[in-house]
Amino acid sequence: MKDESTPGVAIRLNQVTKTYGSGNAVVTAVKSTTLDIFNNEFFTLLGPSGCGKTTLLRLIGGFEYPTAGTILLGGEDIASVPPFQRPINTVFQNYALFPHMTVAQNIGFGLRMLKRPRHEIAARVDEMLKLVRLENLSDRRTSQISGGQQQRVALARALASEPKVLLLDESLSALDYKLRKEMQMELKSLQAATGITFIFVTHDQEEALTMSDRVAVLSSGEIMQVGTPHEVYIKPANHFVANFVGETNFLQGRGLNSDDRGAVIDVRGVGAVAIATKDRVAPGQLVNIVVRPEHLRILPLAQEPAGQLTGSVKAVSFCGAETQYTIELSRGAAVVTVRRYNTPEENLPIAIGDEVSVNFTPNSAQILPA
Amino acid sequence: MASLEAVRSKSASRTRWLLISPAVLVVIIGAIAPLLVIVTYSFLTPGPTGGVNYTLSFDAWTRVLFDRDVFDDTLTLSGTNLEILLRSLLLSLATTVLCLLVGFPTAYFIATRNPLNREVWLLLVTVPFWTNLLIRTFAIQDLIRNEGIINTLLIKTGFISEPIQMLFTNFAICLGLVYVYLPLMILPVYASLERQDRSLLEAASDLYARPFNVLREIIVPLAKPGIIAGSILVFIPAIGTYVTPILLGGGRNLMIGNYIEFQFGQGRDWPFGSALSLALMAIVMVALLVYIRHGDSHGHEHG
């Protein structure tokens with residue numbers, strides 16, 4: 001490695017591989033992963049279950065040791081350092097609070113293990129209790145407090161010893177929707193207030209997009225894309241990311257012609273569609289047009305001269321803030337989902353069976369190799 | 001309305017009593033009645049050939065702790081009785097501690113195997129129960145007697161020139177008791193360890209606890225119910241044990257169980273036997289109360 005301690009990098013994974021089993025039954029959980037996570041960053045590992053995101057987190061936490069590769073913390077390889085010697089703390093999925101201790105004892109546990117003086121521990125515990133707003137629960141047993149409060153205790157406990165990096169393993173998934181939303185905001189502001197690097201694991205793409213500075217999307221042990229939530233959503237690197245992060249329509253077609261500013265794709269059975277892209281598409285090349293449901297506009301056919309695409313409405317579902325339409329293009333050549341905000345003005349009523357035109361601007365779609 | 005409710009609750013309580021009556025009957029016949037008999041006997045005088053004479057006397061109770069001088073009726077603390085009581089207490093305490101020291105690591109070992117292997121290990125723990133206690137105790141005798149396997153082996157290999165006297169000592173009794181009661185410690189401790197959430201151990205390790213501190217701060221405190229249950233299961237039968245001291249203590253190192261048996265047998269002093277067994281019961285109960293109280297308070301004052 002050329003520079004071992006790059007300033008600004010909190011954690012550097014270098015060619016990290018983790019396999020389980022031996023002989024013919026080898027399972028690869030993490031495949032030669034290289035990744036930099038920066039100081040003071042809210043970083044999220046996002047992926048479906050079994051994609052290796054939790055294994056990656058456990059490798060950083062020290063609960064598993066990599067089969068190959070190095071894990072650098074501040075330039076130092078910690079790949080084989082046991083968890084109790086890493087300045088990294090974890091908020092576990094089930095919180096893992098010690099049932100035989102009070103809230104305050106739980107929070108002070110790490111400092112006590114570090115043999116800090118008693119008065120310092122007491123002061124720090126008070127500070128943490130204030131930070132997570134649980135001052136009046138310090139003497140309760142962890143079984144006597146609610147799930148949201150347990151979550152806060154777990155956070156306070158992990159933050160009490162001021163780790164360099166905080167790991168959060170699907171930490172919000174056990175909470176109900178309202179509480180989860182609240183905790184998302186709270187986590188984000190805690191991260192900003194403490195300046196500690198947070199590495200968050202989740203399978204919930206919405207959670208990942210809301211909270212993170214950067215997201216790594218994983219699939220079967222490999223990183224598919226790393227980027228800001230905006231990049232990952234707007235410019236997915238491949239089919240998997242486009243499909244996993246948010247809802248997407250895929251239209252398969254072949255290139256007709258392309259230049260510096262865009263390409264024209266012949267969507268099978270539907271017609272030619274113009275897309276703004278810098279990538280060249282060779283004539284005849286099979287590609288997917290990726291376009292988000294909220295980027296599609298629909299209008300009743302009678303109201304508007306025919307747009308790029310036409311189709312008939314197969315299903316309508318009301319989702320509160322928006323309505324979702326399923327539209328079959330050109331008699332079954334393709335099916336797309338369209339999402340429309342339910343504003344009181346503008347929206348013309350559209351019902352099942354209506355013939356509609358479907359439009360999108362060349363900028364709102366993207367081309368991925370099929 | 002009120003009267004209807006009263007009738008209903010009355011019939012409900014009658015049904016309840018009817019339902020628990022078999023259990024109550026068993027408790028009365030099996031536990032309360034015999035206890036009452038023993039209590040009664042302890043306040044009577046011994047009959048000439050066993051049994052009791054129905055005359056009130058506190059003599060049996062006095063003799064639990066004191067010797068009455070044959071000539072002037074003065075009372076002195078009974079050295080023999082106290083020694084037997086003390087020996088019983090110490091031997092069963094030592095047995096409990098040794099069972100814990102051996103049983104806890106064993107239980108931990110089993111609890112951390114994969115589920116399939118766990119069952120095999122648990123089965124192995126219960127294997128000694130398949131053989132009669134007497135046979136197993138005779139086997140220990142054969143191991144530790146002067147011409148036994150251990151002494152022979154040590155002499156043959158030149159570690160010692162004279163056999164070590166192990167049989168008919170307190171050591172032999174303790175060894176026998178630990179051997180017999182070890183499974184009773186392993187099983188409840190295993191049960192409490194097996195239920196432990198592995199993520200708690202990871203959390204402790206994550207929070208800078210070294211392996212020994214994980215053991216001291218998390219594993220042992222959480223296994224406390226199992227440790228208490230196991231200690232009770234070992235201590236109670238150990239203090240009243242009968243066979244082991246006879247076969248391994250050689251009749252020279254009596255325990256209170258043997259002493260009680262003697263009173264009902266050759267001694268023909270049923271009141272004294274009754275008083276002794278009640279005293280044993282009292283000791284056990286006090287010991288348990290102290291133990292459980294202490295165990296509880298220890299848990300609260302953590303950190």
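Bear in mind the structure is a predicted one, so any value in this text is a computation, not a measurement. Below, read A as the first sequence line, B as the second, and so on, with proteins coming before strands; counting in each chain starts at 1. Quick note: numbers below take in every heavy atom, side chains included, and nothing from hydrogens, waters or symmetry partners.
- Of all residues spanning residues 83-96 of chain A, those with a heavy atom less than 4.5 Å away from chain B's heavy atoms are A/P83, A/F84, A/Q85, A/R86, A/P87, A/I88, A/N89, A/T90, A/F92, A/N94, A/A96, arranged by number.
- Atom CG of B/L116 has 12 or fewer neighbouring heavy atoms from other residues, nucleotides or ligands inside a 6.0 Å radius.
- Using a 4.5 Å cut-off between heavy atoms, B/L222 contacts chain A through its side chain alone, with no backbone atom that close.
- Within residues 178-210 of chain B, the residues that have a heavy atom under 4.5 Å from a heavy atom of chain A are B/D197, B/S199, B/L200, B/E202, B/A203, B/A204, B/S205, B/D206, B/L207, B/Y208, B/A209, B/R210, listed by number.
- Looking at heavy atoms from C-beta onward, A/M101 lies in side-chain contact with B/I218 at the 4.5 angstrom threshold.
- The number of heavy-atom neighbours closer than 6.0 Å to CG of A/N24, taken from other residues, nucleotides and ligands shown, is 12 or below.
- Here the shortest heavy-atom pairing between A/R112 and B/E217 reads NH2-OE1, 2.8 Å.
- Surrounding NZ of A/K188 are more than 12 heavy atoms belonging to other residues, nucleotides or ligands, all under 6.0 Å away.
- Only the backbone of A/L97 comes within less than 4.5 Å of a heavy atom of chain B; no side-chain atom from C-beta onward does.
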